[in-house]
Amino acid sequence: MEDLLKILNEQQQRAVAAPPGPTIVLAGPGSGKTRVLTYRIAYLVGAMNVPAWNILAVTFTNKAAREMGDRVSKILGANADGIWLGTFHAICGKILRSEADLLPVTRDYVIFDQDDQEALLKEIIRENNLDEKLYRPASYLNEISRAKNELITPEEFPISSFRDEQTQRLYRIYQERLIKNNAMDFDDMLVYTTRLLDEYPIVRETYSHKFEHILVDEFQDTNLAQYAILKNLACTHNNLYVVGDEDQSIYRWRGADYRNLNRFKKDFKDAKIFLLEQNYRSSQNILDSAMAVIDRNKNRTHKQLETVREKGEKITMIVAEDDREEAQAVVSAIRDGIHMRGQKPGNFAIMYRTNAQSRLFEEAFRREGINYRLVGAQRFYGRREVKDMLAFLRLVHNPLDEISLRRCINLPPRGIGAKTLESLQAQAAASGLTMGEVLLDLAHGRADLLESMGREGAKLATFGSMLLKWRETAQHNRLVLLFDRIVVDTGYEPYIRDKSEEGQDRWENLLELRSVVLEYEEEGLANFLESMALVSDQDTLPENVEAPTMLTLHAAKGLEFDQVFIVGLDENILPHRRAVDDEEELAEERRLLYVGITRAKSRLTLSRARRRRSPYGSYEETLASRFLDDIPEEHLTGSPRGLPSRYNYDNRGYGRGGYNDSLFGEGSFGRGSSYGSGYGSSYGRGSGSSGKRGSSGGSRWENPAWMQQKSVTKDPPKTKYKAGQQVKHATYGRGVVKSSKIEFGDETVEVYFEGYGLKALVASMAKLEVLR
DNA sequence: AGCAGCGGCCTTTTT
DNA sequence: GGCCGCTGCT
């Protein structure tokens, strides 16, 4: 253990070896806080003899959890087994399923995402004859969400206007309906867990004893509900170790409250505080600029960030004529970095305020033939065909879920339209059941029902029978069989797989989902559905892909890149239009920029556009972001208001090679960015395709191995692997093929591995080596 | 019941 | 400029 401590600096060592009890680690960007957390866990296990299963570590994303888990395992090996490590929501999910008896929902509850929530609230608004134009679900959901994050029940909802009254009413009905659907939303997971711990001393004490040591990453982004959970869990020991940085608090709008740090100090008077100021990431120029930006915020402690690295290059400013040119300039710069200076494509990142901004950059990358990876936006799990399939699976798991029922009951169209649904709903209401229950009753051959519902009853009974069959399949068979049954029984394949390229993409997405299903054979449907609901954007960031990354500033938190481009530094973009007239929100926009700047290791480029397309289509003049004023000129190359440098776009349909020099301007020439005029245009083309999934962009699903391999659907289905063959797998080692067959155009091999048992693998992805 | 065509509405950020 | 929902036609 002492050896381990040696590779940490003095501040880090002290934080890692802190005595038990409430502890705050204030960690500047790039100061190795993940490292401190990892070693803290190792220290607890290795030096303080705390069993791993008595440790709970909470991270902000699943990806962060995975990374930390890997690092801890590397240090501790099997001694790390049993540790609870995950996001707040994942950990709450685990607790809630264990304690489901105490909840108003059953163990089979499903998690409603934003779309489901909106669908449900929309229904409620409709049923209550409220004007849908006036009652936008999203805006009410926002308020409901905020209330939940502050642990305010519908009854406690504060009322000071007519709108508040409506919100309260909708909130109350919305909660009732969630329970009726045997569902909860993201916020409920926190709220129910809090209440479980608050109201049942036995539960509180059980978990508090189990989690003798609790560690929390990104503490500045916890909300009140999360804080309450932590406090409850720590109630018997106070061993609460939190790491955070108030300057990186960027989720206020989601209820996060960096004042939880103050709350913590107040609630735990004896809390020890450690500071990590040594930066290992960025050049001093970058850090100085970051500090210049953040120092303008009030109510914070100034931190003097020092780097171990060199002073580094100045920050480059690009000012383009319009947003399209901005995108082209940034992508050209990346292209030059890759091709002229031999930089690795993965070194680059483009960060923006809103997802919508990614589009022009995607187009520019395509023009240049450069592959890219995109975080978030239209995620894989947000795709229609994926959500459709998940709706079927959710309905099978939880027939009370009316949102999923409505979504999938007529997929593909089978004559169950609005009218049929209405009569199903009427029947449900009349018998005090849910629609799903009525369907299952019909399937069970309830003659009275069938009779009273006439022709519609017959249609519904057909679907009900399928549902019943699927539910039986789910109980006795492999998960993937259920998946396949649904696809076959509904005729979903021909429905989405039309002749178009899009149709093919959709089908391939479905196959990809199927291969995810294969990974959940042991964990089962409930766990599969839960992880599907809890994957975050960052979790879908493709790894091991050498390509520039595009992501929002929010998604960039916790990451680092050698060269960072922060784009759209205009008023109303960054800071965002919605934030400019509120001081608190403005401060958060500033922190957002700070987070972005501090992601950069060696080189930082800021860009803006003089004209920008408004959401409506027309072009608007822009003003330079006020934040640019705060970056001292000595750190900057190019002026925020200066002239753009001359770009040459290689005549790719956009080439006015260069811009009018005589445009008004304060900036002087030659100070412009270094993307000089016209490097050759001969490279880049066709080096990769980024658009396999159309404009929706990628995720970790971008070009997976099986995609390159043409699917085989025609007979005869020849399998590559044969029963009895000895094979080798990267993770599982040696195994014997038990069977292999073509399912949906992809070969599925069942292999028996020593020490791992029977595994079902997708042949094109598993990369099995045939030994004999 | 289902599709095509038209008009109104947007855009923060996410577990 | 694009998505969603509504209307009216088959």
Side-chain angles (χ1 to χ4, degrees), chain A residues 58-65 86-93 111-115 117-119 122 126 132-134 136-139 141-142 145 148-149 184-191 218 221-223 225-226 249-256 351-360 375-379 381-382 384 410-422 455-456 459 530-540 551-557 568 572-580 582 585 588-589 591-593 595-596 612-619 695:
Chain A
V58 191
T59 58
F60 207 67
T61 63
N62 293 304
K63 183 170 169 257
T87 63
F88 268 104
H89 289 86
I91 283 159
C92 288
I111 299 164
F112 273 12
D113 68 11
Q114 180 83 29
D115 288 353
Q117 295 179 51
E118 277 183 35
K122 214 179 240 176
R126 229 173 255 188
E132 288 168 58
K133 294 262 149 47
L134 252 60
R136 255 190 291 288
S139 100
L141 280 173
N142 259 337
S145 171
K148 288 188 183 183
N149 285 323
M184 56 176 88
D185 63 23
F186 289 127
D187 303 319
D188 283 340
M189 299 183 79
L190 305 176
V191 173
E218 310 282 11
D221 282 321
T222 52
N223 59 38
Q226 290 165 331
S249 165
I250 53 175
Y251 286 98
R252 199 180 86 100
W253 50 274
R254 212 171 75 187
M351 298 173 189
Y352 35 77
R353 177 66 237 270
T354 66
N355 281 305
Q357 286 171 262
S358 71
R359 189 183 202 111
L360 290 169
V375 183
Q378 249 287 28
R379 321 185 306 278
Y381 293 107
R384 192 193 82 193
N410 202 28
L411 283 176
R414 58 171 65 83
I416 302 181
K419 237 183 124 204
T420 313
L421 269 176
E422 218 171 87
R455 255 196 42 177
E456 280 152 0
K459 280 191 285 189
E530 180 164 294
S531 356
M532 293 305 100
L534 296 181
V535 277
S536 72
D537 282 347
Q538 283 177 61
D539 299 327
T540 63
L551 71 182
T552 61
L553 287 161
H554 283 91
K557 197 178 65 163
N572 295 327
I573 302 285
L574 183 62
H576 193 272
R577 169 174 274 107
R578 297 277 295 263
V580 289
D582 181 302
E585 289 196 42
E588 178 140 318
E589 298 288 305
R591 292 194 290 271
L592 205 44
L593 177 58
V595 166
R612 192 173 284 284
R613 190 144 67 212
S614 77
Y616 298 91
S618 63
Y619 274 84
S695 61

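Throughout, a chain's letter reflects where its sequence line sits, starting with A, and its residues are numbered from 1.
In this structure, A:E218 reaches neither bases nor backbone, as no heavy-atom distance under 4.0 Å exists between it and the strands shown. Residue A:R136 is in sugar-phosphate contact alone, with no base atom involved, counting any heavy-atom pair closer than 4.0 Å across all strands shown. Looking at heavy-atom distances under 4.0 Å, A:A418 makes contact with sugar-phosphate atoms alone, never a base. Contact annotation for A:T420: backbone-only contact, meaning every heavy-atom pair under 4.0 Å involves sugar-phosphate atoms and none involves a base.
Ring-to-base geometry places A:W253 in a stacked arrangement with B:dT13 (centre distance under 5.5 Å, plane angle under 30°).
We find that CD1 of A:I111 is positioned 19 Å from P of B:dT14, with the value rounded to whole Å. Computed from coordinates, the A:D115 CG to B:dT14 C1' distance equals 13 Å when rounded to whole Å. For the pair A:H554 NE2 and B:dT14 P, the computed distance is 7 Å after rounding to whole Å. Rounded to whole Å, the distance from CZ on A:R359 to C1' on B:dC10 is 14 Å. Going from atom CG of A:L421 over to atom P of B:dA1 covers 9 Å, rounded to whole Å. At whole-Å resolution of the value, CD in A:E456 and P in B:dA1 are 7 Å apart. Spacing between atom NE2 of A:H576 and atom P of B:dT12 amounts to 5 Å, rounded to whole angstrom units. Rounded to an integer number of Å, the gap from A:N142 CG to B:dT14 P is 13 Å.
Listed by chain and residue number, A:K148, A:Q175 satisfy the side chain to side chain donor-acceptor pair (under 3.5 Å) test with A:D188 (two or more places apart in sequence, or in another chain). Take A:Y251 and apply the ring pair (Phe, Tyr, Trp, His ring centres under 6.0 Å) test, not counting sequence neighbours, and it matches A:F60, A:W253, A:H554. Applying the side chain to side chain donor-acceptor pair (under 3.5 Å) test to A:R577 and every residue at least two apart in sequence or in another chain returns nothing. Evaluation of the ring pair (Phe, Tyr, Trp, His ring centres under 6.0 Å) rule for A:H576 yields no partner, not counting sequence neighbours.
Remark: the backbone N or O of A:T420 is not paired with any side-chain donor or acceptor of A:K459 at under 3.5 angstrom. Of the possible donor and acceptor atoms, none in the side chain of A:N62 sits under 3.5 Å from a partner among the backbone N and O of A:T87. With hydrogens and angles ignored, the 3.5 Å screen pairs a side-chain donor or acceptor of A:Q226 with a backbone N or O of A:N223.
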Any N/O pairs under 3.5 Å between the protein and nucleotides 7-10 of chain C? List them or say none.
none

Taking only N/O atoms, report every protein-nucleotides 2-5 of chain B pair under 3.5 Å with atom names and distance.
unit_1: B:dG2; atom_1: OP1; unit_2: A:G415; atom_2: N; d: 3.2
unit_1: B:dG2; atom_1: OP2; unit_2: A:N410; atom_2: ND2; d: 3.0

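Within the 4.0 Å cut-off from OP1 or OP2 of B:dT14, at least one side-chain nitrogen or oxygen of A:N355 is found. Side-chain nitrogen and oxygen atoms of A:K122 include at least one within less than 4.0 Å of the OP1 or OP2 phosphate oxygen of C:dG5. Between B:dT12 and A:T552, no contact under 4.0 Å exists linking OP1 or OP2 to a side-chain N or O.
Between the base of B:dT13 and the side chain of A:R353 there is a donor-acceptor pair shorter than 3.5 Å.
Nearest heavy-atom pair, A:A533 versus A:I111, reported as atom, atom and distance to 0.1 Å: CB-CB, 3.8 Å. For A:Y619 against A:R613, the heavy-atom pair with the smallest separation is OH-NH1, 3.6 Å.
Taking the side chain of A:R613 as heavy atoms from C-beta on, and the options B:dT15, B:dT11, C:dG1, the nearest nucleotide is C:dG1. Taking only side-chain atoms of A:K419, from C-beta outward, the nucleotide of B:dA1, B:dT14, B:dT12 with the closest atom is B:dA1. The side chain of A:T87 sits closest to B:dT15 out of B:dT13, C:dG2, B:dT15.
B:dT12 sits 24 Å from C:dG5 when the C1' atoms are compared, rounded to a whole Å. C:dC4 sits 15 Å from B:dT13 when the P atoms are compared, rounded to a whole Å.
Between A:D221 and A:K557 there is a salt bridge, with a side-chain nitrogen of the basic residue lying less than 4.0 Å from a carboxylate oxygen of the acidic one. We find that A:E588 and A:R591 are joined by a salt bridge, their nearest charged nitrogen and carboxylate oxygen being less than 4.0 Å apart.
Along DNA chain B, the nucleotide nearest to A:R578 and the one nearest to A:F186 differ in position, and the one closer to the 5' end is contacted by A:R578.
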